[in-house]
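All remarks here apply to the structure that follows.
Residue numbering restarts at 1 for every chain, and letters A, B, ... go by the order of the sequence lines.
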Protein chains: 2
Amino acid sequence: MSKKQLIMESALELFAQQGFDATSVQQITEHAGISKGAFYLSFKSKDELINGLIDHFMLSLISDIDQVVKNHEMDANLLYEFYQAAFHSFQKHSDFAKIFIKEQSKTLNEELISKIHQYDKLIDNIILGMLDRIYGEEISQTRYDLIYCVKGFIHTYSHLILFFDVPLDLHTLSRSLAEKTALLAKHSETTFITEELYHTINEPFHMHITKEQLLELIEQKIEEVEDSTLKESLTLLKLQMIEPSLSPAIVKGLILNLNNHPACKQIAYLIQDSLNND
Amino acid sequence: MSKKQLIMESALELFAQQGFDATSVQQITEHAGISKGAFYLSFKSKDELINGLIDHFMLSLISDIDQVVKNHEMDANLLYEFYQAAFHSFQKHSDFAKIFIKEQSKTLNEELISKIHQYDKLIDNIILGMLDRIYGEEISQTRYDLIYCVKGFIHTYSHLILFFDVPLDLHTLSRSLAEKTALLAKHSETTFITEELYHTINEPFHMHITKEQLLELIEQKIEEVEDSTLKESLTLLKLQMIEPSLSPAIVKGLILNLNNHPACKQIAYLIQDSLNND
DNA sequence: TTGACAAATGACCAATCAGTCATTAGTATA
DNA sequence: TATACTAATGACTGATTGGTCATTTGTCAA
């Protein structure tokens with residue numbers, strides 16, 4: 001096991017018990033049987049460790065669920081399989097799940113909050129995709145409400161799994177929640193979360209990103225993308241942000257270039273937002 | 001406004017923004033426009049302040065909801081009124097509600113955790129009383145599951161109210177959740193949380209109780225109960241705990257005596273648990 | 001055995017924290 | 001005005017934190 005993994009596992013355990021703030025780097029290194037200096041050879045800071053943990057386990061959790069939802073063919077049992085996957089993944093990574101449930105809305109640094117928000121949106125999309133696949137047009141009025149209900153179910157019942165040492169029958173739980181979800185999907189009629197409300201809420205970053213952070217994000221994206229049009233568009237927009245020189249029409253066109261590529265939609269939104277605010 | 005109130009209001013605001021740990025006493029006193037010394041004239045410690053805040057607002061929240069549930073006569077709209085009361089109370093005390101949602105399962109000191117657990121049980125009882133009143137025997141198989149669903153609904157939708165600056169129509173939300181709750185109550189059939197499971201989970205102290213504490217509890221219970229069978233059973237079981245002498249069958253029967261009386265179920269569980277661990 | 005390099009250490013630092021207490025300011029009574 | 005009292009202050013303490021870095025240890029090839 002690499003040193004990084006050793007630290008991550010030790011930290012995870014302590015974080016689950018005590019939370020991020022209450023766990024010191026000292027404690028982590030003692031628990032891992034290494035020195036404090038050795039910690040900082042593997043991670044630049046405590047924040048980087050926390051970030052790494054969240055990335056690692058969130059992606060694992062999401063891919064666990066996504067795989068089940070994407071690969072399962074019998075749509076009749078899909079809801080049941082979804083809940084099974086979710087709860088088993090929670091049980092498998094119970095230390096991380098505890099952190100996720102406990103600290104998901106705690107006051108962390110800006111970067112972490114937006115990261116968690118991103119993952120939350122990913123989960124939303126998986127759930128929405130599943131619901132649409134099962135019920136199609138039938139739930140057009142209640143699909144966003146259903147996402148919230150499903151997440152609410154998972155949240156409350158997770159407490160039982162994570163914080164009590166009681167043997168639980170996850171099969172019955174999943175069956176029970178699948179039944180409840182189906183009931184709501186088929187018979188619930190009142191819309192509370194409209195499409196408009198849902199998108200208003202999920203506007204990324206909204207106002208919380210600085211120009212400097214955005215410039216850095218663009219820089220990263222330039223390295224990341226392969227398409228030369230995208231590279232060029234990003235570079236020009238970066239310059240425009242630093243020193244405006246291009247005509248509005250050109251800027252609009254460049255942003256359109258980005259929007260044509262799914263991986264750049266988010267950054268396109270951010271750039272447009274930033275340029276509009278100048 | 002008394003100094004205590006001034007401090008509590010200042011602290012509440014900062015706690016809601018930053019959490020308990022991240023808010024220093026210094027910050028609170030600066031925000032309240034007083035000196036650090038003055039803070040410690042009103043509160044013995046930061047913990048005492050936190051305790052006071054939770055007591056004050058939890059009781060307020062609970063009495064808000066309880067009053068509505070207890071006084072409302074038209075049972076047809078009771079669910080709607082319940083959700084209305086809950087969400088309006090959340091909106092009224094949004095700073096406290098934020099703390100409650102954020103930090104309810106965070107790692108705090110033992111005292112706070114059990115305090116919050118107590119309040120959570122109070123809320124459970126309000127919800128359970130309401131559901132029983134509306135649906136009676138109809139939900140005998142699903143009443144504990146329904147509690148969890150109702151709490152799940154409130155939790156997820158609270159995020160919208162508390163963490164996004166969007167004008168929301170609480171009337172529609174309450175109507176929508178009342179509809180959903182009614183659907184689940186009338187048509188959901190699968191039991192996951194059995195009476196036994198529910199009581200196991202809500203068993204206070206669970207494992208944290210020593211034999212000596214339990215003996216004291218039994219002593220109290222002996223004084224408390226009237227029925228002579230119960231008195232005798234408790235006395236015999238107490239002696240058995242100190243010096244085992246009875247056959248397993250007799251012990252089992254004595255515990256059964258206790259279980260027949262609702263007020264003794266809890267202590268029966270604790271005694272059984274303790275005897276099994278010997 | 002030597003020397004060169006990387007891996008690992010833990011004493012140390014500046015910052016921050018909750019909580020204390022000698023001192024001062026304010027106020028009421030004589 | 002003088003005295004006696006409480007209310008309020010903020011510099012201070014000791015403990016703890018995240019993070020650094022001069023030093024030591026371990027491990028190679030020559």
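- The minimum heavy-atom distance between B:His93 and B:Ser60, with the atom names listed, is NE2-OG, 3.3 Å.
- A donor-acceptor pair under 3.5 Å is absent between the side-chain atoms of B:Asp120 and the main chain of B:Ile116, judged by distance alone.
- As rounded to whole Å, 17 Å separates atom P of D:dG26 from atom CD1 of A:Ile34.
- A:Tyr198 pairs by the ring pair (Phe, Tyr, Trp, His ring centres under 6.0 Å) definition with A:Tyr144, not counting sequence neighbours.
- The shortest distance between side-chain heavy atoms of B:His117 and B:Asn202 falls below 4.5 Å.
- One interatomic measurement links the two molecules: CD of B:Gln18 to C1' of C:dC17, which rounds to 14 Å at whole-angstrom precision.
- Remark: P of D:dT9 and CD1 of B:Ile7 are 10 Å apart, rounded to the nearest angstrom.
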> Can you give one letter per nucleotide of nucleotides 18-25 of chain D, 5' to 3': B if a protein heavy atom sits under 4.0 Å from the base, S if only from the sugar-phosphate, - if neither?
Replying inline: BBB-----
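- Comparing C:dT9, D:dA8, D:dT9 against the side chain of A:Ser35 picks out C:dT9 as the nearest.
- Heavy atoms only, all atoms of each residue included: B:Thr29 and B:Ser35 are closest at CG2-O, 3.6 Å.
- Remark: A:Tyr148 engages B:Tyr157 in a ring pair (Phe, Tyr, Trp, His ring centres under 6.0 Å) (not counting sequence neighbours).
- The nearest whole Å value for the distance from the CD atom in B:Glu48 to the P atom in C:dA18 is 15 Å.
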